Amino acid sequence: MDALKIVVLVLHLLGLLAIVGSVVVRRGVPTPALVWGARAQILTGLVLVGINEAGDGEVNHTKIAVKLLVALGVAACAEIAAGRERRGQGNPNLVHAAGALAIVNTLVAVLWN
């Protein structure tokens, strides 16, 4: 179970890297990495919660709920920005909002005890 948790955690961090990296490198242009990173964050985050629930780990459900809502906000901003970009109506503010929310979610994960 520990090996699975480590693999999923690495995938979760790679999703974060895809989001923040896309925002920093492309500066307001949505990329497939941004969208897939946001999707990966939600999926791997839920798997990590499931692994902790199945094991002996204690889970703070309020913290998880807040993080899920923020992650859904990241995914919504990324999906809407990508859709608008395909239609030629790009909005860099949505991309920046996705990156900022991803950082907020990281801060919640690290600082909330």
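Fair warning: this is a prediction, and the values are worked out from it, not measured in the lab. Scope of the values below: all heavy atoms of this structure, side chains included, with no hydrogens, waters or symmetry mates.
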Please check if L107 and V110 belong to a single hydrophobic cluster, counting links between Ile, Leu, Val, Met, Phe, Trp and Tyr side chain heavy atoms closer than 4.5 Å.
yes

Distance from E53 atom CD to L48 atom CG, nearest 0.5 Å?
12.0 Å

Are V95 and V25 co-members of a hydrophobic cluster defined by side-chain heavy atoms under 4.5 Å apart?
no

Ignoring hydrogens, what is the shortest heavy-atom contact between G37 and A18? Give both atom names and the distance.
CA-CB, 4.0 Å

Linked, directly or transitively: L101 and L94 (ILVMFWY side chains, under 4.5 Å):
no

Side chain to side chain donor-acceptor pair (under 3.5 Å) against N60, all qualifying residues, sequence neighbours excluded
none

Applying a strict under-4.5 Å side-chain criterion to I, L, V, M, F, W and Y, I'd like to know whether L111 and V59 cluster together.
no

Between A97 and C77 the two heavy atoms that sit nearest each other are CB-SG, 4.0 Å

How would you list all residue pairs meeting side chain to side chain donor-acceptor pair (under 3.5 Å) that involve residues 63-84, not counting sequence neighbours?
R39-E79, K67-N105

Quick check on side-chain contact (heavy atoms from CB on, under 4.5 Å): which of L4, I6, V10 does V8 satisfy it with?
L4

How many angstroms lie between atom CG of L46 and atom CD1 of I64, to the nearest 0.5 angstrom?
9.0 Å

Residues 94-103 vs side chain to side chain donor-acceptor pair (under 3.5 Å), sequence neighbours excluded, gives none

Residues two or more places apart in sequence or in another chain: which of them pass side chain to side chain contact (heavy atoms under 4.5 Å, CB included) with A75?
A38, I42

E58, CD atom: more than 12 neighbouring heavy atoms under 6.0 Å:
no

Gap between atom CG of L9 and atom CG of D2 - 0.5 Å precision
11.5 Å

Can you hop from V24 to L16 via hydrophobic side chains spaced under 4.5 Å?
yes

Check step by step if side chain to side chain contact (heavy atoms under 4.5 Å, CB included) holds for V49 and H61.
CA-CA 9 Å; V49 170; H61 293 285; 5.7 Å; no

Scan for salt bridge (Lys or Arg N to Asp or Glu O under 4.0 Å) pairs involving residues 91-113, sequence neighbours excluded, and state none if there are none.
none

Side chain to side chain contact (heavy atoms under 4.5 Å, CB included) between I19 and V74, intermediate numbers included:
CA-CA 9 Å; I19 295 168; V74 172; 3.9 Å; yes

Would you please name every residue forming a side chain to side chain contact (heavy atoms under 4.5 Å, CB included) with T31, sequence neighbours left out?
S22, R26, A33, L34

Polar side-chain atom of E85 near backbone of N91 as donor-acceptor pair, under 3.5 Å
no

What are the two closest heavy atoms between G15 and A40, and how far apart are they?
CA-CB, 4.5 Å

